[in-house]
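Predicted model, so just to flag it, every value in this text is computed and none were measured. Numbering of residues begins at 1 and proceeds along the displayed sequence. Just so it is clear, the values below take in all heavy atoms, side chains as well, and ignore hydrogens, waters and symmetry mates.
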Amino acid sequence: MLSQGEEHVLDFLGNLKRTHYCGELRAKDEGRDAVVMGWVARRRDLGNLLFLDIRDRTGIVQVVFNKETQPAAHAKAEQARSEFVVAVEGKVIKRQKANPELASGEVELVASKLHILNNAKTPPFPIEDEINAAEETRLRFRYLDLRRPKPHRNLALRHRIILEIRKVMDEMGFLEVETPMLTRSTPEGARDFLVPSRIHHGQFYALPQSPQIFKQILMIAGLDKYFQIVKCFRDEDLRADRQLEFTQLDLEMSFPRQEDIFHVIEQVMVRACSVVGIKTEAPFPHMQYKDVIRKYGSDKPDMRFGMELHDVTHCFPEEAKQKLQIEGNVFALAAPGAAGYSRKQLDELTEKAKSLHARGAYFVKVAPEGLTSTVEKLIGAENVKKLAEACGAKPGDLVVAVSAKEQIKGTEAAALIAGQLRLHLGEALGVIDKSQWKFLWLTGFPLFEWSEADKTWVSAQHPFTGIVDEDLEKLESAPWEVRSKGYDLVLNGYELGSGSIRIHRQDIQERLFKALGLSEEQLRRRFGFFLDALTYGTPPHGGIALGIDRVVMLLAGEKSIREVIAFAKTTAAQDLMADSPSEVDEEQLEQLHIRVTSHEWSFACPCGGQWSVLFEKQYRKGGVELSTSCPTTGNRVGLARVDASGHWEARHKDRGTQEWTDRSGAEASAPKA
């Protein structure tokens, strides 16, 4: 950065007007006067000639400063450094040798005047497409990271995709209606973000996990076709394709058939794909949930390669099942060209399967000279042959079969494990055709799923999901057989969106609530206003929500949605640039009548007593180890890891007297890290 004595070099923009964007100058502009504005991307000083590459969001143009013809501009350019903000006046000329790597590479700008509008510190990483900076560093300096061409392209692509979605929704007669950001907490499958009310002490708003109830109310209100590009919030653990706040295309229709909603979304996706030159054809194929689980071992299957699953339970005789402790079914697949896997590779595959909760993994190598198997002694040569044939294995293939350690009511546990191995082997063997775009509609989902914690059947979707008409009679007697009118759209192994035809009849809604064991008091507390709305003539309706972030991520060729969100959070749910979440002033908490309580850990002491440790802040990486001495034995005892600035207190309960001893004293504050 410039010293105080050099601050006079900075210029004012005044009435200077940009005439061209840097990356848009072309050979047709030769001979024109131009004014460009942007950042200094690169500086090359060759003595009498000094070159500055000037960058804006459209790209880069090379600017030439000639000491002999424009000495004042040249002298000013000598002061410019990387990331200085500048404006350049000059004339466009053809370059003697074009630079094919730049869109503007046929021309350059001969500068007559340079305006240095602001200076800059040296950035922590180069502002280029390919950098080695850690993601944490990039997110901390996101305003610099976003200057790079790649994030610019991703955000521009996001804009074009959303614009195209809005166009096609408008063409199909949908109205965009905004729904509230501050609403009430309702159970929708994830934790709500709560917003305390200053006016209504002790009461809270919730940020919407989705506009689900409001969009159904819009159908009751007669809007007929609603859509919204909407921000939603879920307080859940993060991963590469999930954020606390995310964007959806949300839509609802009145009097729809399932096919009507499919048609709308297919038009949306065909048009969205066309933005990046990908040609897709509608209608998309359909599969039933139970079939896709047995065939691909996933409810979001990647259809770009084969390696389909097969039920090979019949290849394992009862005696072999007992010795291998097999319960439930066995599923297998044929991995092409993997018959040459070494013992070490098979062991690694076995460990992978066990990490997915497999009871065991069983292999058959298919070679031209015959079959070899790790389970031949147990199931016999004839069953080994049947196993290979059942999977359609060819010479050079490796048959991989798995059983599950624990069965899952209502689904195929072994198939789910085999499905994960299918994806793992597909990547490892390079058989996934990444040039393909394979859409799939999934239907026939079970309405209920088994909750191991509650030992009962619970709603697999939200409780307003429609029920397949012919399954209504099983709602009370065999809920595990009841299918919903839900559907998912899948692309290349990613779930893009889910939706359903809703329950619009009060009698059916009441039966479902009763099947879920919800009392009248619970219903009024959770859904009171919505239940009232249902009594005023609710039309048949249905809809879907499509994940915009995932759509853009896939079309941009990225592996993380953080690359297509301007200000993303880390997997630790932090905005490193804004240092969020953060503590707030005591005065703000007092206005809301909120008190932040200490965190408490309780655990046994080696002496047989008990420790209770209270501390201000939760453990964060980089915290310090707290320790103190046991009052009974005098030995040092490790207590906890807390943030270095957090105050802490410890108490010890004697095993015999059951009396507490305060051990905070002089050790109350953790030392600085």
Side-chain angles (χ1 to χ4, degrees), residues 21-24 38-39 41 53 55-60 83 101-104 123-168 229-232 238-249 268-280 434-437 439 489 491-497 545-571 573-578:
Y21 280 90
C22 299
E24 294 177 351
W39 288 264
D53 287 348
R55 179 190 67 245
D56 61 22
R57 81 174 196 191
T58 65
I60 286 174
E83 299 310 308
E101 295 183 6
L102 294 180
S104 64
F125 49 80
I127 312 299
E128 299 170 353
D129 249 354
E130 301 300 326
I131 58 174
N132 296 320
E135 185 180 48
E136 289 80 3
T137 303
R138 290 175 45 218
L139 291 176
R140 190 176 301 280
F141 296 94
R142 190 61 163 167
Y143 42 84
L144 296 177
D145 189 45
L146 290 175
R147 284 186 196 171
R148 298 188 303 118
K150 187 177 180 182
H152 273 179
R153 289 195 298 270
N154 285 347
L155 292 180
L157 175 62
R158 184 186 181 106
H159 161 75
R160 294 199 305 274
I161 289 172
I162 291 175
L163 183 62
E164 194 65 26
I165 288 172
R166 280 197 161 101
K167 286 180 182 177
V168 71
I229 306 294
V230 61
K231 189 73 79 175
C232 301
L238 304 192
R239 59 191 186 200
D241 62 343
R242 180 186 287 168
Q243 286 272 295
L244 299 177
E245 49 184 318
F246 53 96
T247 305
Q248 290 183 171
L249 164 63
V268 166
M269 288 311 305
V270 167
R271 292 273 288 270
C273 288
S274 70
V275 171
V276 291
I278 295 169
K279 184 175 175 55
T280 55
K434 306 240 172 131
S435 67
Q436 292 191 46
W437 297 84
F439 288 95
L489 178 64
L491 170 62
N492 293 356
Y494 287 88
E495 178 196 319
L496 292 187
L546 206 66
I548 295 290
D549 306 303
R550 288 186 189 177
V551 169
V552 178
M553 176 190 78
L554 291 171
L555 295 181
E558 298 288 358
K559 294 182 179 179
S560 167
I561 61 172
R562 291 191 292 276
E563 297 298 335
V564 297
I565 296 173
F567 301 104
K569 291 175 176 58
T570 66
T571 51
Q574 291 176 298
D575 181 341
L576 297 179
M577 183 191 74

Open item on the list: Within the structure provided, determine whether I561 and R550 are in side-chain contact (heavy-atom separation under 4.5 Å).
Closed with: yes
Task: Side chain proximity check, E245 to I565, heavy atoms < 4.5 angstrom - done: no
Open item on the list: Can you give me the closest heavy-atom contact between L144 and F125, atom names plus distance?
Closed with: CB-CZ, 4.1 Å
Open item on the list: Quick check against the 3.5 Å criterion: does R158 have a side-chain atom that pairs as donor or acceptor with the backbone of V552?
Closed with: no
Task: From CD1 (I127) to CG (D145), nearest 0.5 Å - done: 7.5 Å
Task: Short side-chain to backbone donor-acceptor contact, D53 and A41, under 3.5 Å - done: no
Task: Spacing of CZ belonging to R562 relative to NZ belonging to K569, to within rounding of 0.5 Å - done: 12.0 Å
Task: Contact check, side chains of L554 and L491, non-hydrogen atoms, under 4.5 Å - done: yes
Task: Distance in Å, N132 CG paired with R138 CZ, rounded so as to fall on 0.5 Å steps - done: 11.5 Å
Task: The single option from E558, E563, R148 passing side-chain hydrogen bond (donor to acceptor under 3.5 Å, both in side chains) against N154 - done: E558
- [ ] Find out whether L155 and V564 are in side-chain contact, i.e. whether some heavy atom of one side chain is under 4.5 Å from a heavy atom of the other.
- [x] no
Open item on the list: Can you confirm whether V270 sits close enough to F439 that some side-chain heavy atom of one is under 4.5 Å from a side-chain heavy atom of the other?
Closed with: no
TODO: With rounding to the nearest 0.5 Å, note down the distance linking CD in Q436 to CG in N492.
DONE: 8.0 Å
Open item on the list: Using side-chain heavy atoms (C-beta onward) and a distance below 4.5 Å, is R140 in contact with T137?
Closed with: no
TODO: Measure the spacing between CE of M577 and OH of Y143 and express it to the nearest 0.5 Å.
DONE: 8.0 Å
Task: Test log, rule side-chain contact (heavy atoms from CB on, under 4.5 Å), inputs T247 and V230 - done: CA-CA 6 Å; T247 305; V230 61; over 6 Å; no
TODO: Check whether any side-chain heavy atom of I161 lies under 4.5 Å from a side-chain heavy atom of I548, and answer yes or no.
DONE: no
Open item on the list: As a quick check of understanding, evaluate side-chain contact (heavy atoms from CB on, under 4.5 Å) for C273 and L555, giving each step before the final call.
Closed with: CA-CA 7 Å; C273 288; L555 295 181; 4.0 Å; yes
- [ ] Before accepting this row, confirm whether a basic side-chain N of the pair E83/R55 lies closer than 4.0 Å to the acidic partner's carboxylate O.
- [x] yes
Open item on the list: Does atom CZ (R57) have a neighbourhood of more than 12 heavy atoms from anything else shown, all under 6.0 Å?
Closed with: no
TODO: Name all residues meeting the side chain to side chain donor-acceptor pair (under 3.5 Å) criterion together with Y21; count only those two or more places apart in sequence or in a different chain, and write none if there are none.
DONE: R18
Open item on the list: I need the minimum non-hydrogen distance between G23 and A103, along with the two atoms involved.
Closed with: O-CB, 3.9 Å
Open item on the list: Ignoring hydrogens, what is the shortest heavy-atom contact between A566 and L146? Give both atom names and the distance.
Closed with: O-CD1, 3.7 Å
Open item on the list: Tell me the closest heavy-atom pair linking C22 and G59, and the distance in Å.
Closed with: CB-O, 3.6 Å
- [ ] List in chain and number order the residues that pass ring pair (Phe, Tyr, Trp, His ring centres under 6.0 Å) with F246, two or more places apart in sequence or in another chain; answer none if no residue qualifies.
- [x] none
Open item on the list: So which atom in Q248 and which in A545 form the shortest heavy-atom distance, rounded to 0.1 Å?
Closed with: NE2-CB, 3.2 Å
Open item on the list: Restricting to non-hydrogen atoms, name the atom on I131 and the atom on P126 that form the minimum distance, rounded to 0.1 Å.
Closed with: CG2-O, 3.2 Å
Open item on the list: To the nearest 0.5 Å, what is the distance between CG on L576 and CG on L139?
Closed with: 6.0 Å
Open item on the list: Do D549 and Q243 have side chains that approach each other closer than 4.5 Å (heavy atoms only, starting at C-beta)?
Closed with: no
Open item on the list: Let's go through R153 and D129 carefully: what are the C-alpha distance in whole Å and the side-chain angles of both, what is the deciding distance for side-chain contact (heavy atoms from CB on, under 4.5 Å) to 0.1 Å, and is it a yes or a no?
Closed with: CA-CA 10 Å; R153 289 195 298 270; D129 249 354; 2.9 Å; yes
Task: Test side chain to side chain contact (heavy atoms under 4.5 Å, CB included) applied to M269 and T280, L546, V168, I278, the passing residue - done: L546
